[in-house]
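Read through the structure below, which is laid out as structure tokens, and then see the notes.
Residue numbers begin at 1 in each chain, while the letters A, B, ... track the order of the sequences.
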2 protein chains.
Amino acid sequence: MRLVIARCSVDYIGRLRAHLPLATRLLMVKADGSVLIHSDGGSYKPLNWMSPPATLRITEPGADDAEAGVVEVWNVQSAKTDDKLVISVYEHLSDVAHDLGTDPGLIKDGVEADLQRLLAEQITKLGEGYTLIRREYMTAIGPVDILARDAAGATVAVELKRRGDIDGVEQLTRYLELLNRDPLLAPVRGVFAAQQIKPQAKVLAADRGIDCLTLDYDEMRGVDDSASRLF
Amino acid sequence: MRLVIARCSVDYIGRLRAHLPLATRLLMVKADGSVLIHSDGGSYKPLNWMSPPATLRITEPGADDAEAGVVEVWNVQSAKTDDKLVISVYEHLSDVAHDLGTDPGLIKDGVEADLQRLLAEQITKLGEGYTLIRREYMTAIGPVDILARDAAGATVAVELKRRGDIDGVEQLTRYLELLNRDPLLAPVRGVFAAQQIKPQAKVLAADRGIDCLTLDYDEMRGVDDSASRLF
DNA sequence: ATATCTATCTCGCTA
DNA sequence: TAGCGAGGTAGATAT
């Protein structure tokens with residue numbers, strides 16, 4: 001990784017066009033050829049960037065650019081698309097390089113997949129006498145998160161979200177419509193389960209005859225003994 | 001902005017939990033207190049981060065950590081939420097700091113707004129004899145991107161996306177339902193227009209009697225003479 | 001302030 | 001490889 005603090009202007013031409021006027025910024029060149037241009041604020045998103053795989057070619061400025069004060073032109077070319085990033089460097093303020101090697105990567109806990117695993121294991125959270133049919137039940141329009149059977153033997157489709165939004169209810173509605181065309185499964189009821197369910201989503205779910213279930217991840221995690229094995 | 005190359009491990013606790021094992025990485029501390037942890041690959045997204053506003057407090061390691069080789073503990077605390085990032089630094093390999101000042105920011109061209117302007121100007125892309133009624137036609141549930149009249153004088157509602165997804169079709173369906181209640185407009189047909197339309201979206205659109213139209217931005221942009229005026 | 005929608009989204013999984 | 005869904009989505013815009 002090479003880190004250059006420089007006064008520069010930037011032009012991007014690709015899926016859109018974008019321009020950065022002359023200012024002092026950080027230029028980060030990664031081992032895979034990707035380049036990130038960061039300012040001293042904002043968030044984790046750079047002002048501009050080139051995704052890998054890419055190649056950086058540093059050239060002398062043309063006569064006009066040199067006249068304007070440009071000392072180097074960085075041409076960053078995407079290897080797969082014809083996206084191009086042109087960085088005009090006016091002044092180097094700092095320049096360091098280090099080989100970081102490959103990163104072991106991030107270990108996550110608490111995403112939808114974990115919630116789904118826990119609910120499948122603790123299927124009676126849905127109600128007394130429920131049994132799991134299967135997780136990720138495939139249909140023509142995508143996988144139903146959890147398919148279960150209630151105490152009376154009726155099929156129940158569960159859509160699971162970390163945050164229960166209106167489009168989650170839409171998604172479950174589409175699944176229910178499809179599943180109810182299958183005479184072997186019909187009638188199929190819907191349950192919308194999430195850690196938090198927004199009021200609008202609750203209203204829409206009620207309107208569609210879909211039950212809502214708010215899940216307590218920490219509590220479910222506490223019951224699961226594999227949680228302690230994660231770190 | 002402070003740039004530290006360090007061997008470190010990282011733990012995040014907030015909306016989820018995440019852990020980064022010991023490895024060499026870049027730690028970027030911005031003027032607003034935000035911290036980014038980058039590896040030498042991936043894309044513009046850091047391995048882990050803390051969004052501004054945040055405060056960084058650097059402390060001595062506890063006895064156990066010191067024993068394990070930790071020389072500094074960075075506590076990054078979000079000012080608004082209780083999200084927390086703990087960076088255990090084992091070794092500093094490089095450390096530079098620069099004041100970059102505020103950035104003038106990015107100038108963009110080629111997003112959905114541009115596509116909408118172009119389609120409004122080139123409304124016959126929809127078909128022979130079409131005329132524009134108006135862009136951003138307001139309804140109670142939001143603006144319809146483009147409202148037009150076909151050669152036969154019937155009303156057509158256009159939903160425009162850069163990438164045509166299933167929820168774009170849902171959105172257009174809601175608009176059509178509403179527009180068709182207006183006797184002055186009804187019957188209103190729907191057209192789903194995008195640079196790329198996903199197969200599932202096409203199937204759903206067909207099922208709802210909505211036409212699909214794939215747009216070529218570069219070609220439409222070529223026709224438009226205002227494109228050359230941008231930079 | 002909140003709600004909604006876009007994104008050069010990125011990332012990971014699966015068919 | 002392409003498609004599809006999730007994200008600590010983030011970021012912008014209209015309400």
Separation of [N] [atom2] from [X] [atom1] (nearest whole Å):
X: B:I166; N: D:dA6; atom1: CD1; atom2: P; answer: 12 Å
X: B:I197; N: D:dC4; atom1: CD1; atom2: P; answer: 12 Å
X: A:Q171; N: D:dG5; atom1: CD; atom2: C1'; answer: 8 Å
X: B:K30; N: D:dA10; atom1: NZ; atom2: P; answer: 14 Å
X: B:D167; N: C:dT6; atom1: CG; atom2: C1'; answer: 11 Å
X: B:R17; N: D:dG7; atom1: CZ; atom2: C1'; answer: 18 Å
X: A:Q116; N: D:dG7; atom1: CD; atom2: C1'; answer: 16 Å
X: B:D83; N: D:dA10; atom1: CG; atom2: P; answer: 9 Å

With a 4.0 Å cut-off, would you call [X] and [Y] a salt bridge?
X: B:R174; Y: B:E170; value: no
X: B:E136; Y: B:R134; value: no
X: A:E159; Y: A:K161; value: yes
X: B:R17; Y: B:D11; value: no
X: B:R135; Y: B:D145; value: no

(request) Take B:M50 and A:R174, find for each the nucleotide of DNA chain D with the closest heavy atom, and name the residue whose nucleotide sits nearer the 5' end. (result)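 Mapping each residue to its closest nucleotide by heavy atoms, the 5'-most match is A:R174.
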(request) Would you tell me whether B:K108 and A:H19 have side-chain atoms, one donor and one acceptor, within less than 3.5 Å of each other? (result)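 No, because no side-chain N or O of B:K108 sits under 3.5 Å from a partner of the opposite role on A:H19.
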(request) Return yes if a side-chain donor-acceptor contact under 3.5 Å exists between A:R208 and A:T173, otherwise no. (result)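 Per modelled atom types, A:R208 and A:T173 side chains form a pair under 3.5 Å.
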(request) Spell out protein contact along nucleotides 10-15 of chain C as letters: B when the base is contacted, S when just the sugar-phosphate is, - when no protein heavy atom is under 4.0 Å; keep the 5' to 3' order. (result) SS----
(request) Using the test side chain to side chain donor-acceptor pair (under 3.5 Å), find all partners of A:D165 that sit at least two apart in sequence or belong to another chain. (result)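 Scan of A:D165 (side chain to side chain donor-acceptor pair (under 3.5 Å), adjacent residues dropped) gives none.
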(request) Answer with base, sugar-phosphate or nothing: what part of the nucleic acid does B:P199 contact at a heavy-atom distance below 4.0 Å? (result)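 Touches sugar-phosphate only.
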What pairs of nitrogen or oxygen atoms, one from the protein and one from nucleotides 1-4 of chain C, lie under 3.5 Å apart?
residue, atom, partner, partner atom, Å
C:dT4, OP1, A:Q200, OE1, 3.0
C:dT4, OP1, A:Q200, NE2, 3.1

(request) Show the numbers, then the answer: is there a side chain to side chain contact (heavy atoms under 4.5 Å, CB included) between B:Q196 and B:R162? (result) CA-CA 7 Å; B:Q196 283 191 330; B:R162 235 168 41 78; over 6 Å; no
(message) Side chain of B:R162 only, heavy atoms from C-beta on: which candidate in C:dC5, D:dC4, C:dC9 is closest?
(response)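 The closest nucleotide is C:dC9.
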